[in-house]
Protein chains: 2
Amino acid sequence: MPPASARPRPTLVDVASAAGVSKSLVSLALRGDAGVSERTRERILVVAERVGYRPSLTARTLKQGRSMMLGAVISSLDNPYHTEIVASVEAAAEDSGLSVLLAHGSRDRGRLADRVQQLLDLGADGLVVVSSWVPEEVLVAAARRAPVVMVGRTAEPVSGIDSVNNDDEHGAALVVEHLVARGHRRIAHVTSSTRPAGIARRRGYEAAMRAAGLDDEVRVVAPDPVALGALLDDGTSAVFARNDVEAVDVLDHALDAGLRVPDELAVVGYDDTVLARRARPALTTVQQQRDVMGSRAVALLRERLDGRAEDVHEVLEPRLVVRSSS
Amino acid sequence: MPPASARPRPTLVDVASAAGVSKSLVSLALRGDAGVSERTRERILVVAERVGYRPSLTARTLKQGRSMMLGAVISSLDNPYHTEIVASVEAAAEDSGLSVLLAHGSRDRGRLADRVQQLLDLGADGLVVVSSWVPEEVLVAAARRAPVVMVGRTAEPVSGIDSVNNDDEHGAALVVEHLVARGHRRIAHVTSSTRPAGIARRRGYEAAMRAAGLDDEVRVVAPDPVALGALLDDGTSAVFARNDVEAVDVLDHALDAGLRVPDELAVVGYDDTVLARRARPALTTVQQQRDVMGSRAVALLRERLDGRAEDVHEVLEPRLVVRSSS
DNA sequence: CTGAAAGCGCTTACAG
DNA sequence: CTGAAAGCGCTTACAG
């Protein structure tokens, strides 16, 4: 006896012959077409249920030329910022009757490029890219096959590709203004990033420091133990880290050094991931409008599918979330 | 002008006519069939490349009756234990020339069931389920369509479904033995779980305590502040938490209470996720053989696809990883 | 070494 | 209200 899994799945034809009708009628009935009598539809539904019929998405996709699936690409699974954005993309897609295929690249550019191709080969109708690591030529090639939208300041604008970002410069300014209002002057920026978002946040930090008349206090360091040690010895009273992950590093370092947070050192992050809520003390951070980002990304894709040709770049305003670390 | 994305993708026929041959020949050439002359293949490859041809996986899947894709289902994206297993499944699948479609259920049983269906509807050749939340009837129904393997003690054995687990009882015993060897007697177990793995770990804890003659010290509490507070007041010198997440909760609680870890309280987790390595102090924990779990899961699926009918349940031995928290 | 033909499981005009 | 037919883009015997 062949294994259960080898049993061929029932098709439309099976349902049709079991119900004594043509397969077209079954198709129409299953999809709720108006031209099928209520009694016939009922009968067909019952038979389909009985034989365990499930439509083949593969066949449907081939026939229709569209899959009703969106692909989502993230750099890696272990970045909560990215997975939380994916959740919002999924929610928005579901509202539009679309499903989402998730792919990740384990932080590897080549793998990321492969995943983009694979999603497209699979028939994804559009792509949400939440990673600044996908090579630009891959994005350009992808956009020739299906609409692509970049989410979260993932790279400089690429012609033909929409984007939805948060205003990193403004977010950084919110942090500096908050710390200045709390009386801090020696405010350092911790960053290891050479990615677009990191660069923008750094730029925002520097501009805000200048705007506050603190040109001389501008200090940018990497999140390594030596640099952090020097920083703490230096009289720095507040640290703005480029994201929550690095803010937690600073937090750990400060606590190890015996500093009390926020009394002796204020620490602020960016992204408002679960890390910020879980940190001890809970982290002041900058919140991006993640839900809006997901729904705008899906909306932009749908507009492209409906024929829009001009590029659209949306920028959302971030919001400061004050917790116990500052 | 229609948007770039509306441009129809080139098909085999396009390549064939551009190369002046039949589409069968193009198919054979692209797949490296031996019966195609080297010169012809070369020429066809060049043309395919030039017109930007990419084979439609949808069409291929429909024709072949198999997709060369495996589906992986996890409860949620924010559990590092699950995502790390997925990574090992992906690596193993890649070695077998298979790709992996990832789906998650946001901890929702209904959603999880939907995702299982969707992966199957999409044509997944087999399913790796890394979640104990998928309803059994859904698993049974899925197994009629394609082979399913459960990874990580996700539920009691289901007939027709293979599994690969780690020996949770033994892992728990390793922890107790380690703590006893360190001189601890009052060793409590912290758990909130009613899932199979949690239950097995608790059972292992209790058995090991008895084996060590510590019947009277057996104490099982939930990871909430009140219970933990009572525990610490109680003279408990060591805590074995059912997983790393809850161990970190204990760690935070102990540090908040001013206890030094491990001197005044030893803490041990389970799973050896990234949380354990990142914790302060770094967490002693139990490591499952994740890489082996992934490759065994894929191997079991392939055996089923090749016709194996009997169920196989594999149990792997865990290993204690001693760090600074004990 | 190469081509014509059938068919995977659907959907969708087109007839009746 | 229902059925016969064509076709989505592939792969695979079957001829030659």
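All chains are named by letter (A, B, ...) in the order of the sequence lines, taking the proteins before the strands, and each is independently numbered beginning at 1.
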(message) Under 4.0 Å from OP1 or OP2 of dT12(C): is there any side-chain N or O of Arg31(A) that close?
(response) yes
(message) Pick the closest DNA chain C nucleotide for Glu38(B) and for Gln64(B) by heavy atoms, then say which residue is nearer the 5' end.
(response) Glu38(B)
(request) In plain terms, say whether Asp33(B) and Arg41(B) are close enough for a salt bridge, that is, a side-chain N and a carboxylate O under 4.0 Å apart. (result) no
(request) Return the nucleotide paired to dG3(C): Watson-Crick means purine N1 to pyrimidine N3 with N6-O4 or O6-N4, wobble means G-U with N1-O2 and O6-N3, both under 3.5 Å. (result) dC14(D)
(message) With a 4.0 Å cutoff (strictly under), does any side-chain N or O of Ser27(B) reach OP1 or OP2 of dT11(D)?
(response) yes
(message) Salt bridge or not between Asp162(B) and Arg308(B)? Use side-chain N to carboxylate O under 4.0 Å.
(response) yes
(request) Give one of base, sugar-phosphate or nothing for Leu62(A), where a contact means two heavy atoms less than 4.0 Å apart. (result) base
(message) Please tell me if Thr40(B) has a side-chain N or O lying less than 4.0 Å from either OP1 or OP2 of dT2(C).
(response) yes
(request) Determine: side-chain N/O of Ser37(B) to OP1/OP2 of dT2(C), distance under 4.0 Å, yes or no. (result) yes
(request) State which of dT11(D), dG3(D), dT11(C) makes the closest approach to the side chain of Leu12(A). (result) dT11(C)
(message) Regarding Gln118(A) and Ser99(B), do their side chains bring together a donor and an acceptor under 3.5 Å, going by distance alone?
(response) yes
(message) On a heavy-atom basis, which atom in Val138(B) and which in Ala113(B) lie closest, and how many Å separate them?
(response) CG2-CB, 3.7 Å
(message) Just the rounded figure in Å: distance from C1' of dC8(C) to CZ of Arg9(A).
(response) 12 Å
(message) Taking 4.0 Å as the cut-off, does a side-chain nitrogen or oxygen of Thr11(A) come that near to OP1 or OP2 on dG9(C)?
(response) no
(message) Between P on dG9(D) and CG on Asp121(A), what's the gap in Å once rounded to a whole number?
(response) 14 Å
(message) Within the 4.0 Å heavy-atom criterion, would you say Arg54(A) contacts the bases, only the backbone, or no part of the nucleic acid?
(response) sugar-phosphate
(request) Grab the CZ-P distance between Arg60(A) and dC10(C) for me, whole Å please. (result) 8 Å
(request) Select one nucleotide: of dT2(C), dT11(D), dG7(D), the one nearest the side-chain heavy atoms of Lys23(B). (result) dT11(D)
(request) Round to the nearest Å and state the distance from Leu28(B) atom CG to dA4(C) atom C1'. (result) 13 Å
(request) Check the distance between dT11(D)'s P and Leu25(B)'s CG and give it to me in whole angstrom. (result) 13 Å
(message) Which nucleotide wins on minimum distance to the side chain of Val21(A), given the candidates dG3(D), dT2(D), dT12(D)?
(response) dG3(D)
(request) When you get a sec, tell me which of dT2(D), dG3(D), dC10(C) is the closest nucleotide to the side chain of Val36(A)? (result) dT2(D)
(message) Between Arg304(B) and Glu310(B), does any NZ, NE, NH1 or NH2 come within less than 4.0 Å of an OD or OE carboxylate oxygen?
(response) no
(request) Taking only the side-chain heavy atoms of Ser24(B) (C-beta and beyond), determine which of dT12(D), dC10(C), dC10(D) contains the nearest atom. (result) dT12(D)
(message) From CZ of Arg66(A) over to C1' of dG9(D), roughly how many Å is that when rounded to an integer?
(response) 17 Å
(request) Name the nucleic acid region contacted by Ser56(B), choosing base, sugar-phosphate or nothing; use a 4.0 angstrom heavy-atom cut-off, strictly under. (result) sugar-phosphate
(request) Return the value, rounded to whole Å, for the distance between atom CD1 of Ile44(B) and atom P of dT2(C). (result) 7 Å
(request) Classify the nucleic acid contact of Arg39(B) as base, sugar-phosphate or nothing, counting any heavy atom under 4.0 Å across all strands shown. (result) nothing
(request) Test the Arg111(A)-Trp133(A) pair against the cation-pi criterion, namely NZ or CZ under 6.0 angstrom from the six-membered ring centroid and within 45° of the ring axis. (result) no
(request) Round to a whole Å and report the spacing from CG of Asp14(B) to P of dC10(D). (result) 9 Å
